[in-house]
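Each chain gets a letter, A, B and so on, in the order the sequences are listed, and its residues count up from 1.
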Number of protein chains: 2
Amino acid sequence: MKQKEIKIPEATIKRLSTYINCLERLDAEGFQVVSSELLGESCQVSPAQIRKDLSYFGEFGVRGVGYGTKNLAEQIKKILGLDKIWPTVLVGVGHLGHALLNFTFFREHGYRMVAAFDNDPGKIGREVTTDVIIHPIEKLVEITREERAAIGIITVPASSAQETADRLVEGGVKGILNFAPNKVKVPENVTIRNVSIVSELDNLAYLLSKKHGRRRLTRKKTISRPPKL
Amino acid sequence: MKQKEIKIPEATIKRLSTYINCLERLDAEGFQVVSSELLGESCQVSPAQIRKDLSYFGEFGVRGVGYGTKNLAEQIKKILGLDKIWPTVLVGVGHLGHALLNFTFFREHGYRMVAAFDNDPGKIGREVTTDVIIHPIEKLVEITREERAAIGIITVPASSAQETADRLVEGGVKGILNFAPNKVKVPENVTIRNVSIVSELDNLAYLLSKKHGRRRLTRKKTISRPPKL
DNA sequence: TTGTTAATGTGATAACTATCACGATAGCCG
DNA sequence: CGGCTATCGTGATAGTTATCACATTAACAA
């Protein structure tokens with residue numbers, strides 16, 4: 001493995017997360033050792049791709065044998081920083097926010113929901129099925145700072161997404177996961193990830209209309225012009 | 001624009017979806033015409049990238065002027081197949097499923113939720129805030145076929161994701177959006193998109209531990225080996 | 001100890017994607 | 001109506017990511 005600050009492909013990081021899942025499943029199925037081929041089969045990634053991805057971070061396997069299932073999962077977690085606890089806050093306890101609060105997977109992966117916020121007085125203070133307390137939105141900055149939350153999750157309507165992001169930054173979070181459909185801007189030193197559910201569906205729609213659609217999108221040289229300006 | 005069956009980058013399709021959003025916002029702000037620079041500013045994509053993306057499908061702008069805001073949004077929708085109605089079913093009316101059913105954005109983008117399914121008798125038949133009816137899961141294949149649903153959304157627990165996918169395929173859907181954390185397998189002729197919320201968070205965790213972490217991940221040549229096999 | 005086998009780790013190569021730079025052109029104004 | 005300006009559309013180029021092919025090596029058996 002190389003020592004220089006090699007740039008890791010973003011796609012590699014995405015895959016690492018899925019490897020963990022597959023490894024845990026394979027482990028549960030009784031595989032103490034997995035080959036890149038078996039793991040690849042399991043998570044639909046080519047064996048070569050898996051080996052390459054891992055090679056960016058070190059050597060985790062035994063030639064001629066494979067990878068220790070539990071060990072590899074452990075190592076990948078360390079790579080992704082999932083061996084630490086990430087204090088997290090969530091803003092906007094609507095349907096989606098509620099869903100995320102109850103998503104047990106988070107806790108298992110090292111994320112600790114330390115607080116939630118909403119501007120609906122009916123929801124304030126009430127504890128959900130989890131032990132997370134919902135605070136009024138006015139306390140966002142204060143509590144986020146107090147709890148030293150590193151990550152903020154935005155599940156508010158599009159119209160207030162940017163303002164929410166600003167407050168989270170003010171509260172000192174270092175990363176934001178935004179589920180609102182419009183992208184938000186944050187300072188250099190804060191990392192933002194936008195999850196657009198609609199985009200995913202639109203992507204599907206495109207693939208479907210291409211494969212199963214009646215006619216081609218662009219058959220002629222015809223140009224679609226905007227109305228005269 | 002070229003006529004041959006050029007391969008469109010997947011990334012381009014993803015961006016097109018976000019362009020629609022930005023265009024609608026800009027339109028609401030009163031911009032009847034937008035330049036690639038303004039649009040780029042708005043959705044955080046380089047102007048050249050936008051022009052390139054659009055050039056795969058035709059010429060939509062006016063040199064020296066820009067793009068007609070409304071027109072461009074319309075054209076992109078046509079490209080993505082959002083000018084048609086996509087009958088959609090949802091399986092698993094838990095928190096997340098509930099959230100998606102109530103997501104008005106879907107309807108606005110051409111997706112019509114024609115039915116939902118759940119195996120909890122308490123939820124069956126009850127209408128949610130929307131006009132979607134929740135059926136017992138046993139009727140999935142039948143109703144999906146009846147309604148000619150093209151898209152299926154999976155929001156069931158990981159353990160039953162694969163079985164749900166199988167039934168959706170049996171019911172005749174052409175595309176599946178899977179929110180369960182484990183990937184599912186489908187036949188060649190069905191398109192699958194996996195949305196992994198945990199992966200997104202893990203990605204964030206990685207970036208944060210790299211930027212703000214105490215120490216580097218791989219400082220020495222040390223190799224992490226699995227326990228002797 | 002030495003040969004055999006299986007599966008890793010990785011340099012080289014191919015494929016894909018984004019960026020750049022500039023030619024083309026519509027609109028405007030005098 | 002001709003020159004000027006703004007902005008598009010796109011071929012060429014640079015950068016990034018995935019695939020391939022094989023040398024390497026741990027385990028095991030005779």
Side-chain angles (χ1 to χ4, degrees), chain A residues 1-16 18-19 31-69 71-72 75 218 221-229, chain B residues 1-16 18-19 31-41 43-69 71-72 75-76 218 221-229:
Chain A
M1 191 226 166
K2 285 300 180 330
Q3 284 325 293
K4 303 308 301 289
E5 280 287 333
I6 287 172
K7 228 217 89 205
I8 314 285
E10 172 150 343
T12 290
I13 303 302
K14 272 202 188 122
R15 282 188 297 267
L16 286 181
T18 75
Y19 296 162
F31 293 95
Q32 299 194 315
V33 174
V34 296
S35 64
S36 59
E37 189 175 345
L38 175 59
L39 179 56
E41 176 79 17
S42 170
C43 58
Q44 295 166 65
V45 175
S46 78
Q49 182 72 78
I50 291 176
R51 297 201 299 276
K52 188 63 149 180
D53 285 341
L54 295 175
S55 79
Y56 288 118
F57 301 97
E59 303 183 5
F60 306 101
V62 180
R63 292 170 196 228
V65 179
Y67 305 90
T69 312
N71 174 262
L72 185 56
Q75 295 298 330
T218 337
K221 235 183 192 143
T222 310
I223 284 168
S224 305
R225 279 299 170 74
K228 206 73 184 296
L229 298 169
Chain B
M1 189 227 166
K2 285 300 179 330
Q3 284 325 295
K4 304 307 300 291
E5 280 287 334
I6 286 173
K7 228 218 88 207
I8 313 286
E10 173 150 342
T12 290
I13 303 301
K14 271 201 190 125
R15 282 188 296 267
L16 287 182
T18 73
Y19 296 161
F31 293 95
Q32 298 193 315
V33 173
V34 295
S35 65
S36 58
E37 189 176 346
L38 175 58
L39 179 55
E41 176 78 17
C43 57
Q44 295 166 66
V45 175
S46 78
Q49 182 73 77
I50 291 176
R51 296 200 299 276
K52 188 63 147 180
D53 285 342
L54 295 175
S55 79
Y56 288 118
F57 301 98
E59 303 184 4
F60 306 100
V62 179
R63 291 170 196 229
V65 179
Y67 303 90
T69 312
N71 175 263
L72 185 55
Q75 295 297 330
I76 296 178
T218 337
K221 236 185 191 142
T222 311
I223 284 169
S224 305
R225 279 298 169 74
K228 205 75 184 297
L229 298 171

A/E59 side chain: which of C/dG9, D/dT10, C/dT19 is closest? C/dG9
What heavy-atom pair brings B/F60 and B/L54 nearest, and what distance separates the two atoms? CE1-O, 3.4 Å
To check you understand the geometry: which heavy-atom pair defines the closest contact between B/V33 and B/T69, and what is its length? N-OG1, 3.3 Å
How long is the span from the CG atom in B/N71 to the CD1 atom in B/I76, to the nearest 0.5 Å? 9.5 Å
Throw together a table of side-chain donor-acceptor distances under 3.5 angstrom for residues 43-51 of chain B, partners on residues two or more places apart or in other chains.
{"residue": "B/S46", "atom": "OG", "partner": "B/Q49", "partner atom": "N", "Å": "3.1"}
{"residue": "B/Q49", "atom": "NE2", "partner": "B/D53", "partner atom": "OD1", "Å": "3.2"}
{"residue": "B/R51", "atom": "NH1", "partner": "B/S36", "partner atom": "OG", "Å": "3.1"}

How would you list, by chain and number, every residue that makes a side chain to side chain donor-acceptor pair (under 3.5 Å) with A/S35, sequence neighbours excluded?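 Checked A/S35 against side chain to side chain donor-acceptor pair (under 3.5 Å); zero matches.
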How would you list, by chain and number, every residue that makes a side chain to side chain donor-acceptor pair (under 3.5 Å) with B/E10, sequence neighbours excluded?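 Once residues adjacent in sequence are excluded, the partners of B/E10 under the side chain to side chain donor-acceptor pair (under 3.5 Å) criterion are B/R193.
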[X] has an atom [atom1]; how far is it from atom [atom2] of [N], in whole Å?
{"X": "A/D53", "N": "C/dT8", "atom1": "CG", "atom2": "C1'", "answer": "14 Å"}
{"X": "A/L54", "N": "D/dT19", "atom1": "CG", "atom2": "P", "answer": "15 Å"}
{"X": "A/I50", "N": "D/dA18", "atom1": "CD1", "atom2": "C1'", "answer": "13 Å"}
{"X": "B/F57", "N": "D/dT10", "atom1": "CZ", "atom2": "P", "answer": "13 Å"}
{"X": "A/L39", "N": "C/dA6", "atom1": "CG", "atom2": "P", "answer": "20 Å"}
{"X": "B/F60", "N": "C/dT25", "atom1": "CZ", "atom2": "P", "answer": "18 Å"}

Going by the rule salt bridge (charged side-chain N to carboxylate O under 4.0 Å, His left out), which residues pair with A/E41 if we only count those two or more places apart in sequence or in a different chain? B/K185
Generate the contact string for nucleotides 1-7 of chain D. Rules: B means base contact, S means sugar-phosphate contact only, - means no protein heavy atom under 4.0 Å. -----BB
Scan nucleotides 12-17 of chain D against the protein and return all N/O pairs shorter than 3.5 Å with their distances rounded to 0.1 Å.
{"residue": "D/dT17", "atom": "OP2", "partner": "A/K7", "partner atom": "NZ", "Å": "3.1"}

Side-chain heavy atoms of B/T12 within contact of B/F57, under 4.5 Å: yes
